[in-house]
Amino acid sequence: MKIVKTIPELQKARKELQGSVGFVPTMGALHHGHVSLIQKSLNENEHTIVSIFVNPTQFLAHEDLSKYPRKPEADIKICELAGIAILFMPDVDTMYCPLEPTLLAPSSKAYILEGFSRPGHFDGVLRVVLKLFNLTKPTRAYFGKKDAQQLYLIQNMVKTLFLDLEIIPCEIIREDDGLALSSRNVYLNHEQRKQALLLSKSLKIATRCVMAGGRDVEPIKAEMLSTLSSLHVEYVEILNRDFDTLSSIEIGNSIILVCAKVGTTRLIDNLWI
Ligand code: PAF
């Protein structure tokens with residue numbers, strides 16, 4: 001595995017790779033969810049590139065970028081053991097320059113849900129992901145379904161900017177008790193971790209309603225909200241796969257999304273039905 005930090009080093013290492021390249025962009029603090037993306041990329045491509053970059057442009061001014069979990073040594077070991085070809089770990093000045101055109105995510109899809117409480121977040125995500133795609137020139141890039149809105153906006157960018165790569169959506173990885181893996185779970189204490197299970201529980205209840213033939217969105221949202229009543233809920237939504245509102249669930253084309261705060265930790269989860 002080559003660990004590269006600068007653009008010329010990355011470009012040189014990338015040129016040496018022949019055949020298909022899978023790319024897994026991350027912000028580090030790697031957990032089993034990331035490992036499942038890396039594993040899928042290794043299975044489906046001749047080479048895999050992973051990036052670790054805590055991207056400042058996707059954090060809002062009041063969000064503490066310096067508190068984002070960082071575990072570079074453990075991350076390097078995980079990537080090495082997995083058998084990837086290149087690990088790209090740039091610093092901020094390598095990735096950004098004061099004079100550069102910016103990219104804006106389509107506001108009707110990027111300023112709702114996650115983007116409503118984090119306005120501008122997805123502009124920063126698209127900006128860095130486009131740069132990373134330009135640098136790594138992947139055949140395929142791997143993103144988790146847990147960040148469903150991010151995945152949608154990246155797929156939309158690839159399609160509308162005619163980028164020549166395939167986006168591979170990857171399943172949400174959960175603990176045995178249902179908690180979706182997230183780098184933010186480290187912020188939860190024992191009691192908060194128990195409360196966090198209400199997110200996946202609310203999705204299970206929604207599944208049960210749908211399996212019992214329920215299709216109307218409002219009563220299902222109401223059931224979910226009552227399950228989540230002890231938490232500070234930011235949103236519960238049922239949308240189609242293009243993130244448009246629905247009055248009635250369309251099986252095979254709907255996503256149920258939930259976001260709630262447990263203590264000060266904002267958690268998200270979702271279910272594709
Ligand atoms: O999902 C993430 O970890 C980040 O948003 C990404 C895609 C690596 C861009 O910084």
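Side chains are part of it too, since the values below use all heavy atoms of this structure and drop only hydrogens, waters and symmetry mates. Being a predicted model, the structure only gives us computed values, none of them experimental. Order of listing sets the numbers, starting from 1, for every ligand and every atom in it.
- Listed by number with element, the atoms of ligand 1 under 4.0 Å from a non-hydrogen atom of Q58 are 4 (C), 5 (O), 9 (C), 10 (O).
- In this structure, a donor-acceptor pair under 3.5 Å is absent between the side chains of Y152 and D147.
- Counted by atom type alone, T48 and N45 present zero donor-acceptor pairs between their side chains at under 3.5 Å.
- Looking at Y111 and D123, their side chains do bring a donor and an acceptor atom within 3.5 Å of each other.
- Between the side chains of E114 and Y235, at least one donor N or O sits under 3.5 Å from an acceptor N or O.
- The distance from ligand 1 to the heavy atoms of Q150 drops below 4.0 Å at these ligand atoms: 1 (O), 2 (C), 4 (C), 5 (O), 7 (C).
- Contacts of I154 with ligand 1, taken as heavy-atom pairs under 4.0 Å, are absent altogether.
- Between the side chain of H47 and the backbone N or O of L17, no donor-acceptor pair lies under 3.5 Å.
- Those atoms of ligand 1 that come under 4.0 Å of a heavy atom in V128, given as number and element, are 9 (C), 10 (O).
- Among protein heavy atoms, the minimum distance from atom 3 (O) of ligand 1 is reached at M27 CG, 3.6 Å.
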